[in-house]
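Within every chain, numbering begins at 1; the chains are lettered A, B, ... in the order of the sequence lines, protein sequences first and strands thereafter.
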Number of protein chains: 2
Amino acid sequence: MEARIEHIKQQLQSQGYKLTPQREATVRVLLENEEDHLSAEDVFMLVKDKAPEIGLATVYRTLELLSDLHIVEKMNFGDGVARYDLRHESSKHHHHHLICVVCGSVDEIMDDWLLPLEERLAKEYHFKVLDHRLDFQGVCWRCKDKEPEDMNKK
Amino acid sequence: MEARIEHIKQQLQSQGYKLTPQREATVRVLLENEEDHLSAEDVFMLVKDKAPEIGLATVYRTLELLSDLHIVEKMNFGDGVARYDLRHESSKHHHHHLICVVCGSVDEIMDDWLLPLEERLAKEYHFKVLDHRLDFQGVCWRCKDKEPEDMNKK
DNA sequence: ATAGGTGCAAACTGTTTGCAATCGT
DNA sequence: ACGATTGCAAACAGTTTGCACCTAT
């Protein structure tokens with residue numbers, strides 16, 4: 001964990017940015033919630049525990065910066081709220097999301113199932129794929145047992 | 001075209017809603033721009049030609065209503081703007097998007113390539129898929145020839 | 001008359017920005 | 001001292017909502 005912070009610090013410094021206390025606190029929150037797809041507001045509230053004086057704008061600026069440096073990934077499920085995830089060190093991992101329409105949970109699956117499709121796209125549509133995202137809406141295993149009372153969204 | 005409006009009218013009426021002139025004008029705009037992924041503001045401006053007195057709120061309400069009835073699909077590429085598309089009559093078609101990072105164009109491909117994956121999800125993750133979306137970011141055939149000068153986003 | 005629908009303006013939400021104060025080197 | 005960074009508040013964009021009016025039954 002310290003090693004990963006150190007690594008991020010170097011990434012920042014190599015681009016002329018500093019790892020300020022606020023930025024470090026933000027990164028730590030992201031590290032501690034790596035699987036959670038936090039919104040900026042979520043991050044803000046968690047960071048306040050570590051650095052109570054921080055402002056929401058700083059969190060936004062930090063997340064934006066980290067996103068520009070491809071240290072975090074900014075994503076966006078259809079609800080108009082940006083969510084942020086630390087990118088995993090190795091490989092441009094493509095994660096896919098299982099979004100439960102009942103409880104709102106977002107699980108991740110990491111397999112890269114789409115390589116064959118990308119090849120097909122290149123061939124049939126002459127489209128050069130740089131990245132992709134794949135989200136499934138449905139019912140997660142946790143909710144599948146409960147009675148299906150409220151399956152209509154909102 | 002008139003037939004499709006008639007069909008939508010019946011869908012509305014079967015749920016107790018009316019096809020008011022404003023709603024009809026909105027639907028016509030969607031029909032005339034079926035491939036365009038219009039934002040609410042786009043729709044608003046186009047509808048004003050047909051029904052100048054219409055308010056933006058009505059457009060939002062209409063799009064929301066049509067979305068609830070699954071007549072249009074509300075979608076959202078990462079830019080914080082909701083976009084709307086008429087759903088194609090037949091089948092719950094899953095369209096996938098080819099988003100060009102150079103020119104911003106959004107092409108659609110209609111094939112349903114993911115059925116095998118959905119089966120695998122059910123088996124391996126016990127996730128019941130209701131819908132999915134798949135977007136590819138990359139370079140479209142139109143831009144691929146031009147020199148690759150400006151590949152950095154924003 | 002009554003319920004649904006509309007236009008307008010105000011409210012709200014998530015995000016960005018201007019700016020003066022502050023920090024680290 | 002200098003440029004980068006911060007906190008705050010105000011600005012912003014897209015969307016939603018409250019409400020009085022309207023319009024078909």
Would you check if the distance from the ring center of B/H96 to the ring center of B/F136 is below 6.0 Å? no
Whole angstrom value for the distance that separates [atom2] of [N] from [atom1] of [X]:
X     : N      : atom1 : atom2 : value
A/L66 : D/dT5  : CG    : P     : 12 Å
A/L63 : C/dT15 : CG    : P     : 10 Å
B/E24 : D/dA24 : CD    : P     : 14 Å
A/L19 : C/dT25 : CG    : C1'   : 16 Å
B/Q13 : C/dG5  : CD    : C1'   : 14 Å
A/D68 : D/dA4  : CG    : C1'   : 16 Å

Is the side chain of A/T58 donor-acceptor paired with the backbone N or O of A/I54 at a distance under 3.5 Å, no angle test? no
Quick one: which of C/dT16, D/dT5, C/dG4 gets closest to the side chain of A/E64? C/dT16
Spell out protein contact along nucleotides 6-14 of chain D as letters: B when the base is contacted, S when just the sugar-phosphate is, - when no protein heavy atom is under 4.0 Å; keep the 5' to 3' order. BBB-----S
Where each residue is assigned the nucleotide of DNA chain C containing its nearest heavy atom, which of A/K74 and B/K18 is assigned the position nearer the 5′ end? B/K18
Can you confirm whether more than 12 heavy atoms, excluding those of A/K48, are under 6.0 Å from its NZ atom? no
Per the side chain to side chain contact (heavy atoms under 4.5 Å, CB included) rule, which among B/N33, B/D85, B/L63, B/V72 passes with B/L38? B/N33
Applying the side chain to side chain donor-acceptor pair (under 3.5 Å) criterion to B/H37, which one of B/H97, B/E73, B/R83 satisfies it? B/H97
Charged N-O contact under 4.0 Å between B/D135 and B/R133: yes
